[in-house]
Amino acid sequence: MSDVVGYEVEGRIAVLTIDNPPVNALGLAVREGIVARMEQAAGDDAADAIVLIGAGRTFPAGADIREFDQPARDPHLVAVIDRLDGIEKPIVAAIHGTALGGGLELTLGCHFRVASPDARVGLPEINLGIFPGAAGTQRLPRVASLDHALELIVSGRPIGAARALEYGIVDTVVEGDLRAGAIAFAEKILADRMNRRISSEPRAGIGSEDEFADVIQKYRDLANQRFRGQESPHQAIESVIDGLRMPYEDAVAADRTRFEACKNSDQSKALRYAFFAEREAAKIPDIGKEVTPREIGSTAVIGAGTMGRGIAISLADSGLSVTVVEAGQEALDSGMAELEKLYDGMVARGRIDEATKKERLGRITGAVDYAATSDVDLVIEAAFEDLDVKKGIFAQLDQVAKPGAILATNTSYLDIDAIAAQTSRPEDVIGLHYFVPANVMRMLEVVRADKSAPDAVATGMALAKRTGKVGVLARVCHGFIANRSRAPLVREATFLVEEGAAPAQVDKVLTDLGMPLGPLAVSDMSGLDVSWRMRQSLAGERDPEARYMYLADRMCELGRFGIKAGQGWYAYEDGGRRPLPDGDVEAIAADVAREQGITRREISDEEIRARCLYGAINEGAKIVDEGIAARASDIDVMWLYGFGYPRWHGGIMFTADEIGLAEIYEQVKAFHGEHGKLWEPSPLLERLAAEGGGFTR
Ligand code: 3H9
């Protein structure tokens with residue numbers, strides 16, 4: 001009998017417990033176990049009703065995603081769920097934790113559902129490029145309204161127990177011990193002689209597309225807005241529509257074919273890869289679970305500029321107290337006023353209410369003296385991006401911070417080893433590179449300096465999780481993982497404009513790949529002067545043999561700093577933010593090209609794609625080779641959350657593997673010949689291309 005599904009009889013109730021850590025995923029053994037135990041309960045004279053519950057932290061959180069790469073094995077989850085319809089004894093699903101995907105579908109096969117108050121239920125399949133493939137698209141609309149069913153299916157977002165009760169997905173919410181509550185509920189069903197509720201009934205179709213046209217359109221619009229370029233939400237809607245007009249069996253059969261096509265699609269493979277890459281990124285190869293992160297309760301942020309304010313909000317929103325330190329009272333007052341405005345904006349948009357704003361803002365205090373940081377567990381410096389400024393701040397922090405406090409710098413490219421060297425405790429120094437706006441962007445690049453202590457690094461990663469961010473660990477180099485791997489994309493974009501492409505052409509190639517904005521539009525938003533200053537500060541280290549970004553410099557010399565200046569790679573009218581093509585840019589590019597002896601030409605979209613993408617991939621390979629990233633998939637996670645790379649393409653390194661490394665290597669070599677030193681092929685790329693290997697597989 002099954003090891004992973006336990007069987008006990010309590011009173012007249014058989015209790016089946018699924019025990020397959022960590023999340024009770026519905027792999028083959030669990031599916032077989034459920035069928036075997038259900039048959040056992042059906043034939044057990046000592047049992048009149050059945051409770052199905054999960055051991056550990058959750059009811060099954062879905063099908064076992066790892067099985068999707070293997071041939072399907074019977075019993076299929078649909079068959080397991082359909083079998084429950086025929087069991088004459090009432091079955092109660094007892095839900096705690098997260099009943100997701102196949103887990104929720106399994107509960108729909110049960111005749112009743114009870115849940116803990118903090119349980120969550122949902123159908124997140126579309127995030128994996130599939131849709132609920134175990135009859136959820138047929139059963140949920142029969143249990144909840146079509147609107148609510150489509151909400152769960154198309155948004156992919158789970159809902160809490162209270163909402164599930166409101167939608168009719170659960171029958172009752174059980175306070176206290178769930179197992180006991182579910183048994184009591186089953187006893188009540190028997191006492192009240194309640195009929196089993198079978199969610200595949202009525203067996204005939206349940207409506208017509210016309211009847212529900214408005215609801216369907218609402219979710220088609222949602223799919224287009226939120227999942228631009230992604231196929232599975234549309235397939236999910238088609239599957240629900242099938243169920244309106246076809247009998248249950250026929251709709252399930254149609255689902256099966258549609259589901260297999262989705263599962264085998266490139267989009268689903270990439271999305272599944274992204275799911276596991278994200279979880280892998282949380283693991284630090286040489287820092288195991290035995291290393292405990294330090295306790296963080298109170299924090300301080302140095303600097304009340306855009307970055308500092310965003311960081312302070314992110315910390316305060318996660319329940320941490322924050323002291324914001326500025327150099328003078330005036331700067332502090334204006335920073336704090338801006339900070340309050342950000343909260344006001346959230347209230348105005350209905351994201352939070354006034355009481356929540358007060359509570360969160362109440363956790364943030366201001367100070368003009370570093371002494372205010374003397375008691376806190378974590379200090380994050382978010383000052384101007386200048387090595388000397390940062391060194392000075394760390395020397396001061398060293399004087400006042402309490403022993404064991406984490407001293408973090410929010411630099412995006414500077415040498416953290418040099419910053420740590422200003423303190424007597426480099427083991428407490430790490431990098432925490434936030435992305436703008438820091439309270440919104442989910443990416444957090446945690447940088448491990450040469451002397452960072454393992455528990456300091458673990459604290460940075462734990463902070464990411466606690467503040468709802470995705471932490472990716474990097475080692476120190478110029479630009480770390482994020483900015484170093486992205487730099488070639490921006491560099492090539494500007495070179496291509498110099499050589500004859502229009503900014504809009506370059507950007508369009510990248511947005512056609514699925515990126516939300518092209519690199520030149522992004523530069524206009526963040527300000528061309530930011531990287532100009534960086535290039536100036538690095539002028540002494542410039543390699544005279546490498547091609548230089550003369551055009552980007554010229555744009556800045558002409559005051560074309562981007563949106564804030566009303567002109568950059570594009571023109572902006574009347575203080576607006578809509579990029580408009582600007583003929584002056586072409587003239588400026590032509591001047592610079594002439595000075596540099598570059599003959600301008602027509603540039604193909606294909607060349608733009610290859611130069612921008614392969615430049616980043618080649619740099620990514622160097623980053624892995626040098627150990628700056630622990631693994632190639634960490635670079636991908638960074639691009640997904642930091643730069644809006646389309647999740648259904650997995651990330652740049654995954655894309656490289658899909659294209660084939662031999663092809664990329666040949667192209668990089670060719671660009672090296674044409675454009676020189678910046679295209680030096682990565683030795684790792686060269687080796688993997690020769691071996692027929694991949695970065696991510
Ligand atoms: C589906 O159900 C299809 C059906 O409609 C049709 C079928 C025919 N499978 O995230 P965590 C692993 S599709 C395999 O760190 P948390 C995860 O990799 C599925 N493994 O924990 C990690 O492993 P490791 C629909 C899974 O507490 C460990 O569990 N369901 C699965 O932060 C812990 O995970 C979903 O899409 C899985 N389904 O979050 C839900 N789930 O320790 C996907 C997790 O080796 N899962 N693992 O790195 C989640 O959203 C989160 O894991 C969850 C817990 C919220 C459950």
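All ligand and atom numbering here is 1-based and tracks the order in the structure. Please read these numbers as outputs of a predicted model, since none were measured by experiment.
- In the candidate list Arg66, Glu278, Glu280, Arg66 is nearest to atom 23 (O) of ligand 1, counting heavy atoms.
- Looking at Leu128 next to ligand 1, no N or O pair under 3.5 Å apart turns up.
- In Ala61, the parts holding a heavy atom less than 4.0 Å from any atom of ligand 1 are both the side chain and the backbone.
- When Glu260, His76, Arg31, Arg57 are ranked by how near their heavy atoms come to atom 8 (C) of ligand 1, first place goes to His76.
- Annotation: Pro124 places no N or O atom under 3.5 Å from an N or O atom of ligand 1; distance criterion only.
- In terms of protein heavy-atom proximity, atom 32 (O) of ligand 1 is nearest to Lys465 NZ, 4.0 Å.
- The distance from ligand 1 to the heavy atoms of Glu105 drops below 4.0 Å at these ligand atoms: 4 (C), 5 (O), 6 (C).
- Cation-pi geometry between Arg272 and Phe276 is not met at under 6.0 angstrom from the ring centre and within 45 degrees of the axis.
- Taking the side chain as every heavy atom from C-beta outward, Arg363 and Leu320 never approach each other to under 4.5 Å.
- Between Ser265 and Glu231 the shortest side-chain heavy-atom distance does not fall below 4.5 Å.
- Using a 3.5 Å distance cut-off with no hydrogens or angles, the side chains of Thr58 and Thr98 do pair a donor with an acceptor.
- At the top of the distance list for atom 6 (C) of ligand 1, counting protein heavy atoms only, stands Gly133 N, 3.6 Å.
- Looking at ligand 1, you won't find any N or O of Leu100 less than 3.5 Å from one of its N or O atoms.
- Here the side chains of Phe212 and Leu150 are not in contact, with every heavy-atom distance at 4.5 Å or above.
- Residue contact check: Gly102 has heavy atoms under 4.0 Å from atoms 1 (C), 2 (O), 4 (C), 5 (O) of ligand 1.
- Looking only at side-chain heavy atoms (C-beta outward), Pro132 and Arg139 stay at 4.5 Å or farther from each other.
- Ion pair Glu67/Arg73 not flagged as a salt bridge, since none of the NZ, NE, NH1 or NH2 atoms sits closer than 4.0 Å to an Asp/Glu carboxylate oxygen.
- The shortest distance between side-chain heavy atoms of Ile198 and His111 falls below 4.5 Å.
- At a heavy-atom cutoff of 4.0 Å, ligand 1 is contacted by the side chain of Val23 but not by its backbone.
- The closest side-chain donor-acceptor pair between Tyr273 and Arg647, if any, does not fall under 3.5 angstrom.
- If you number the atoms of ligand 1 from 1 as listed, the ones under 4.0 Å from a heavy atom of Asp64 come out as 9 (N), 14 (C).
- Taking distance alone, with nitrogen or oxygen atoms compared against 3.5 Å, Ile65 approaches ligand 1 more closely than that limit.
- Looking at Arg256, Glu125, Arg279 and measuring to atom 22 (C) of ligand 1, the nearest heavy atom belongs to Arg279.
- Taking the six-membered ring where the residue is Trp, Phe480 and His433 present tilted rings, their angle falling between 30° and 60°.
- Not close to ligand 1: Gly136, with no non-hydrogen atom less than 4.0 angstrom away.
- Counting the atoms of ligand 1 from 1 in the order shown, those under 4.0 Å from a heavy atom of Phe276 are 18 (O).
- The side chain of Thr98, and not its backbone, has at least one atom closer than 4.0 Å to an atom of ligand 1 (non-hydrogen atoms only; side chain from C-beta on).
- Proximity of atom 53 (C) of ligand 1 to the protein is not indicated, since no non-hydrogen protein atom lies closer than 4.0 angstrom.
- Around atom CD of Glu295, no more than 12 heavy atoms belonging to other residues, nucleotides or ligands sit under 6.0 Å away.
- Atom numbering of ligand 1 starts at 1 in the shown order; those under 4.0 Å from a heavy atom of Pro132 are 5 (O).
- By the 4.5 Å heavy-atom criterion applied to side chains, Arg179 and Val51 are not counted as neighbours.
- Neither side chain, Arg220 nor Gln217, offers a donor N or O lying under 3.5 Å from an acceptor on the other.
- Here's the thing with Lys283: one of its N/O atoms is less than 3.5 angstrom from an N/O atom of ligand 1.
- Here the protein heavy atom with the shortest distance to atom 12 (C) of ligand 1 is Pro22 CG, 4.4 Å.
- Every atom of ligand 1 with a heavy atom of Gly101 under 4.0 Å away is listed here by number and element: 2 (O), 25 (C).
- Distance check on atom 39 (O) of ligand 1: every protein heavy atom falls at or beyond the 4.0 Å cut-off.
- Leu123 places none of its side-chain heavy atoms less than 4.5 Å from the side chain of Thr137.
- Contacts between Ala63 and ligand 1 below 4.0 angstrom, taking non-hydrogen atoms only, involve backbone and side chain alike.
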